[in-house]
Amino acid sequence: MTAKRSKLSGQAIRKLEGSLFIAPWFIGFLAFMAFPIGYSLYMSFHQVAIMSTGIEVNPVGLKHYKYILLENGDILYNSLFPFLRQSLFMIPIILIFSLLVAIMLNQKFPGRPLFRSIFFLPVIFTTGEVVREFMTQGEGELGFLQRYNIASLVSENLSAAWGGPIVAVMGSFVLILWYSGVQILIFLAGRQTIGASVYEAARIDGATPWEVFWKITLPGMTPFILLNLIYTTVDLFTFPTNPILSQVSSNNYGQSSALAWIYFVIILVFLGIALWVFQKVNKASGMGTG
């Protein structure tokens, strides 16, 4: 009876700790975000006009949603589909790059704190306007791509539907990797949760570094790969150069609000598909943690 009471009290304590950790975000959400989000949904069903006397709101029902989804493809589809194709390449690139860098930064070598800072500083310093200016100047490209005219080779050998997104990814490759700082930090924290004794036992058994990576490191990092997949997907869909976000403006509050909510649903669907694919791959490879 005492053991059961202790177990219940332990569970209650953990729930209380979790509630305390999430409380600042929840309070901030209610105070600063709940009303704007709800009001944007309200505006998406209305025609909004800013008058000298205030805001004039006239109900239009699903007019904005029908216009965006069925009548004018330029608003959503012509920008969305190329961006989704880019995302299919950008997400694996960011995850693989972040995982490899995190594994290297976990090694013991002189100047390790400095290199960790170098990989994370771009996340702090690069704002949306800085990124746009860099991309306008072509600073995100890899030099050898222009030197060997790889972009032209891709465009000539692939259809425009896939060649264009791949060229766009190559054109901003460096900037994409700049945004990997948070992912590297998460993977680095995840790598340190795997005990050193596991690697020592593997070395004693004669396991090669390649076998250690596939049998110990990668399965142990599975939860953090999932976390980074979610974070990268959400971060990518709010990337400063996102073509959909550039169309959400103050010219037409009702239509822009409808576009934002449609885009929000698309993000949820894309994220759901990404999680489903991850679970299938994880199950097929036997890396699940149970």
Side-chain angles (χ1 to χ4, degrees), residues 21-22 25 83-109 111-128 130-132 134-135 139-142 165-166 168-194 209 212-214 216-242 244-245 266-282 285 287-289:
F21 274 112
I22 201 174
W25 176 89
F83 180 75
L84 290 178
R85 295 188 190 102
Q86 289 183 37
S87 301
L88 293 177
F89 294 100
M90 294 167 71
I91 292 175
I93 290 173
I94 292 175
L95 291 180
I96 294 173
F97 173 79
S98 303
L99 178 60
L100 296 179
V101 171
I103 292 174
M104 289 189 291
L105 291 178
N106 191 64
Q107 306 298 318
K108 294 181 179 180
F109 57 89
R112 182 174 64 172
L114 175 62
F115 282 98
R116 289 181 176 180
S117 301
I118 290 174
F119 278 103
F120 190 74
L121 282 177
V123 178
I124 302 174
F125 292 141
T126 52
T127 63
V130 173
V131 171
R132 288 191 187 94
F134 271 124
M135 295 191 70
E139 297 296 337
E141 299 180 1
L142 297 173
I166 293 176
V169 170
M170 293 191 300
S172 57
F173 196 83
V174 175
L175 297 180
I176 292 171
L177 300 186
W178 276 9
Y179 271 77
S180 301
V182 174
Q183 290 88 333
I184 292 173
L185 189 64
I186 293 174
F187 277 137
L188 188 59
R191 171 60 183 82
Q192 294 175 357
T193 62
I194 306 175
V212 169
F213 173 79
W214 284 104
I216 298 177
T217 303
L218 195 59
M221 298 290 283
T222 300
F224 301 93
I225 295 175
L226 177 60
L227 177 60
N228 268 333
L229 174 63
I230 297 173
Y231 175 83
T232 304
T233 301
V234 175
D235 188 53
L236 195 61
F237 275 81
T238 56
F239 202 65
T241 58
N242 191 303
I244 305 298
L245 295 181
I266 291 172
I267 293 175
L268 291 181
V269 172
F270 189 90
L271 187 58
I273 294 174
L275 294 178
W276 179 78
V277 172
F278 175 84
Q279 291 176 352
K280 290 294 183 180
V281 173
N282 191 32
S285 60
M287 291 192 300
T289 58

Could you grab the distance from atom CG of Leu105 to atom CD1 of Ile184, nearest 0.5 Å is fine? 6.5 Å
So CG of Leu95 and CG of Leu229: to nearest 0.5 Å the spacing works out to 6.0 Å
Please identify each residue that fulfils side-chain contact (heavy atoms from CB on, under 4.5 Å) with [X], with sequence neighbours left out.
X      : value
Phe270 : Leu84, Ser87, Leu88, Ile91, Thr233, Phe237
Ile266 : Leu76, Leu80, Ile262
Leu268 : Phe264
Ile103 : Leu99, Gln107, Phe213, Thr217

A side-chain contact here means heavy atoms from C-beta on lying under 4.5 Å apart; do [X] and [Y] qualify?
X      : Y      : answer
Val101 : Phe187 : no
Phe224 : Leu188 : no
Ile94  : Asn228 : no

Going by the rule side-chain hydrogen bond (donor to acceptor under 3.5 Å, both in side chains), which residues pair with Ser98 if we only count those two or more places apart in sequence or in a different chain? none
For [X] versus [Y], what's the shortest heavy-atom pair and its separation?
X      : Y      : result
Pro223 : Gly220 : CD-O, 3.7 Å
Phe278 : Ile225 : CE1-CG2, 3.5 Å
Ile230 : Leu271 : CA-CD1, 3.9 Å
Met221 : Arg191 : SD-N, 3.4 Å

Ring pair (Phe, Tyr, Trp, His ring centres under 6.0 Å) partners of Trp25, counting only residues at least two apart: Phe29
Counting neighbours of CG on Leu100 that are heavy atoms of other residues, nucleotides or ligands and sit closer than 6.0 Å, is the number greater than 12? yes
